[in-house]
Novice: 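I'd like to ask you about the structure that follows.
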Amino acid sequence: MANRISVADLTAPTETFRPHVLDLDDFSPREVEVVFEATDVMKEVLGREIKKVPALRGKTLVNLFYEASTRTRVSFELAAKNLSADVVNIAVSGSSVAKGESLLDTIRTLQALGADMIVMRHSQAGAPYLVARHVKSCVLNAGDGWHAHPSQALLDLYTMRERLGRLEGLKVVIVGDILHSRVARSNIWGLTAVGARVVLCAPPTLIPFGLGRAEYPLPEVEVEYNLDRAIEGADVVMALRIQKERHKEGLLPDLREYVRLYQIDRTRLARAKPHALLMHPGPVNEGIELAADVVTCAQSVIQEQVANGVAVRMALLYLMGGGGGGA
Ligand code: CP
């Protein structure tokens with residue numbers, strides 16, 4: 001495990017962190033803390049006039065996104081450039097994928113072209129795991145299907161701890177389309193690992209079937225279908241987007257009814273603790289999961305999440321070091 005680092009150390013990437021970051025399901029609390037310590041240092045770098053250090057000079061990062069993204073793709077690009085890595089962005093629609101090239105052929109080609117780190121988003125759960133088994137490059141999962149989005153969860157946890165001073169014992173209510181949410185799943189792993197209390201709130205059709213049973217592959221969390229009850233005394237309220245593009249017929253028959261029962265508005269937010277944070281991974285569907293006037297209210301840290309995303313991703317890239325370690 002990495003020792004505490006300082007800005008002065010940033011020319012010497014550690015070789016002791018994991019080579020791939022695919023989910024938080026196997027992160028220990030200490031490993032989360034190591035990422036946070038490195039993130040603190042990266043925030044110091046981002047506060048300078050020249051926000052650049054040579055930590056990854058000579059390394060190449062490829063952003064390979066098979067699904068749409070604004071925040072994750074741009075923040076990985078900025079993070080890598082701030083660490084002096086070379087960055088290649090691949091638009092899948094303009095690549096040989098459009099001619100039928102397989103995922104593994106694409107990845108092997110990128111490796112042959114010198115990719116030290118591959119940041120990858122894919123619609124299929126597990127795709128980054130397959131890639132990590134077949135390449136020497138480091139692989140960062142930037143979202144795979146409904147499964148995992150580890151860098152998002154780490155920036156969420158970092159933002160909570162930065163604002164509230166701790167994670168252990170916090171009541172974190174996750175509200176919305178939990179069924180289709182890779183953000184919720186990675187947050188559940190990360191939050192439970194560090195001792196937070198997680199309450200999920202959604203209509204029954206948007207809660208994963210089998211959650212809470214021993215055989216379901218998620219840690220134990222609470223489920224409360226009534227938002228007013230769920231939000232009572234919360235330290236953090238995390239709203240999620242309704243992912244209409246992933247919905248099958250009948251999961252949400254009436255959007256107006258959903259808004260009435262599950263939208264976070266000022267009245268509902270007032271049931272949380274006075275210092276409670278309002279979070280959202282973005283993109284927000286204003287007027288659906290969040291009332292328009294709470295998006296920018298004093299309790300909203302949505303823009304802080306985005307800003308912290310750059311520092312957290314710099315920390316991950318730095319710790320992984322671009323040194324490779326897969327097959
Ligand atoms: N939170 C998140 O993953 O946003 P993007 O889809 O814009 O990357």
Side-chain angles (χ1 to χ4, degrees), residues 67-71 123 125 143 145-149 152-153 156 170-188 191 196-213 216 218 220-274 276-303 305:
E67 277 191 341
S69 169
T70 301
R71 293 150 202 79
S123 58
W146 307 359
H147 174 242
H149 194 349
Q152 177 69 47
D156 292 337
L170 292 183
K171 178 180 177 183
V172 180
V173 182
I174 305 179
V175 188
D177 190 352
I178 290 151
L179 179 66
H180 300 105
S181 178
R182 53 198 176 205
V183 174
R185 283 176 177 75
S186 287
N187 262 290
I188 288 170
L191 286 164
R197 174 184 166 203
V198 179
V199 180
L200 306 182
C201 183
T205 50
L206 295 183
I207 297 280
F209 182 72
L211 194 76
R213 292 192 195 154
Y216 194 88
L218 270 181
E220 213 166 290
V221 291
E222 295 165 50
V223 176
E224 170 58 68
Y225 300 114
N226 181 295
L227 180 55
D228 289 335
R229 277 203 295 270
I231 218 166
E232 202 72 55
D235 296 283
V236 177
V237 180
M238 183 187 294
L240 301 173
R241 183 173 68 88
I242 293 290
Q243 299 191 39
K244 283 192 215 124
E245 71 278 15
R246 299 190 205 271
H247 276 218
K248 289 198 186 117
E249 288 282 307
L251 281 179
L252 204 59
D254 185 350
L255 197 56
R256 277 175 307 182
E257 181 75 347
Y258 178 83
V259 168
R260 190 175 68 78
L261 294 174
Y262 291 100
Q263 183 184 79
I264 310 290
D265 58 16
R266 282 187 187 273
T267 310
R268 287 208 164 108
L269 198 53
R271 302 177 81 95
K273 286 189 182 153
L277 306 180
L278 175 66
M279 303 183 81
H280 193 302
V284 175
N285 286 153
E286 222 175 86
I288 307 291
E289 64 266 15
L290 295 180
D293 64 338
V294 302
V295 176
T296 53
C297 74
Q299 285 167 272
S300 169
V301 292
I302 296 170
Q303 294 310 317
Q305 289 172 265

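All residue numbers in this chain count up from 1 along the given sequence.
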Novice: Identify the two heavy atoms, one from Ala234 and one from Ala276, that lie closest to each other, and give their separation to 0.1 Å.
Specialist: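 That would be O-CB, 3.4 Å.
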Novice: Is a side-chain donor or acceptor of Gln263 paired with a backbone partner of Glu289 at a separation under 3.5 angstrom?
Specialist: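 No, Gln263 side chain to Glu289 backbone: no donor-acceptor pair under 3.5 Å.
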Novice: Is the closest side-chain heavy-atom distance between Arg185 and Pro208 below 4.5 Å?
Specialist: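 Arg185 reaches Pro208 side chain to side chain.
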Novice: Can you name the closest pair of heavy atoms from Gly176 and Ala202 and give their distance?
Specialist: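 What the structure gives for the nearest pair is O-CB, 3.0 Å.
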Novice: Does any N or O in the side chain of Lys171 come within less than 3.5 Å of the main-chain N or O of Ala272, such that one atom is a donor and the other an acceptor?
Specialist: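 Answer holds: no.
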Novice: Does a side-chain heavy-atom distance below 4.5 Å link Arg229 with Cys201?
Specialist: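 A side-chain contact is absent here, since even the closest heavy-atom pair is not under 4.5 Å.
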Novice: I'd like to know if the side chain of Tyr262 and the backbone of Tyr225 have a donor-acceptor N/O pair within less than 3.5 Å.
Specialist: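 Yes; at least one donor-acceptor contact below 3.5 Å.
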Novice: Got a salt bridge between Arg182 and Glu67, using NZ or NE/NH1/NH2 to carboxylate O under 4.0 Å?
Specialist: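 Yes, Arg182 and Glu67 are salt-bridged.
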Novice: Nearest 0.5 Å, please: how far is CD1 in Ile288 from CZ in Arg256?
Specialist: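 Atom-to-atom, Arg256:CZ and Ile288:CD1 are 11.0 Å apart.
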Novice: Report the distance from atom CG of Asp177 to atom OH of Tyr258, rounding to the nearest 0.5 Å.
Specialist: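 Here the rounded value is 7.0 Å.
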Novice: Supply the atom-to-atom distance Gln299 CD to Arg266 CZ, rounded to the nearest 0.5 angstrom.
Specialist: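 That separation rounds to 8.5 Å.
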Novice: When rounded to the nearest 0.5 angstrom, what distance separates CE in Met238 from OG in Ser181?
Specialist: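 Reported to 0.5 Å precision, the distance equals 8.5 Å.
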Novice: When Ile174 is tested against each of Val237, Asn187, Val183, Val236 for side-chain contact (heavy atoms from CB on, under 4.5 Å), which residue passes?
Specialist: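 Single side-chain contact (heavy atoms from CB on, under 4.5 Å) partner of Ile174 among Val237, Asn187, Val183, Val236: Asn187.
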Novice: Between Gln243 and His180 (side chain of the first, backbone of the second, donor and acceptor by atom type, cut-off under 3.5 Å), is there such a pair?
Specialist: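 Yes; at least one donor-acceptor contact below 3.5 Å.
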Novice: Do NZ/NE/NH1/NH2 and the carboxylate oxygens of Arg260 and Glu257 come within less than 4.0 Å?
Specialist: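 Between Glu257 and Arg260 there is a salt bridge, with a charged N closer than 4.0 Å to a carboxylate O.
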Novice: How about Leu261 and Leu227: do any of their side-chain heavy atoms sit closer than 4.5 Å?
Specialist: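 No. Closest side-chain heavy atoms not under 4.5 Å.
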Novice: Would you mind reporting whether Leu290 and Leu278 have side-chain heavy atoms less than 4.5 Å apart?
Specialist: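 In contact.
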Novice: Working to the nearest 0.5 Å, report the span between CG of Leu277 and CG of Leu170.
Specialist: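 Output value for this atom pair is 8.5 Å.
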Novice: Could you tell me whether Arg268 and Asp228 have a side-chain N and a carboxylate O separated by less than 4.0 Å?
Specialist: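 Yes, charged N to carboxylate O under 4.0 Å.
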Novice: Does any part of the side chain of Arg241, heavy atoms only, come nearer than 4.5 Å to the side chain of Pro283, both counted from C-beta?
Specialist: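 The answer is yes, as the side chains (C-beta and beyond) meet within the 4.5 Å cut-off.
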Novice: Rounded to the nearest 0.5 Å, how far apart are CD1 of Ile178 and CG of Leu240?
Specialist: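 So the CD1 of Ile178 and the CG of Leu240 are separated by 6.0 Å.
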Novice: Is there a side-chain contact between Val294 and Ser300 (heavy atoms, below 4.5 Å)?
Specialist: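 Val294 does not reach Ser300 side chain to side chain.
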Novice: Would you say Asp156 and Gln305 make side-chain contact, with heavy atoms under 4.5 Å?
Specialist: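 Result yes, sub-4.5 Å side-chain heavy-atom pair found.
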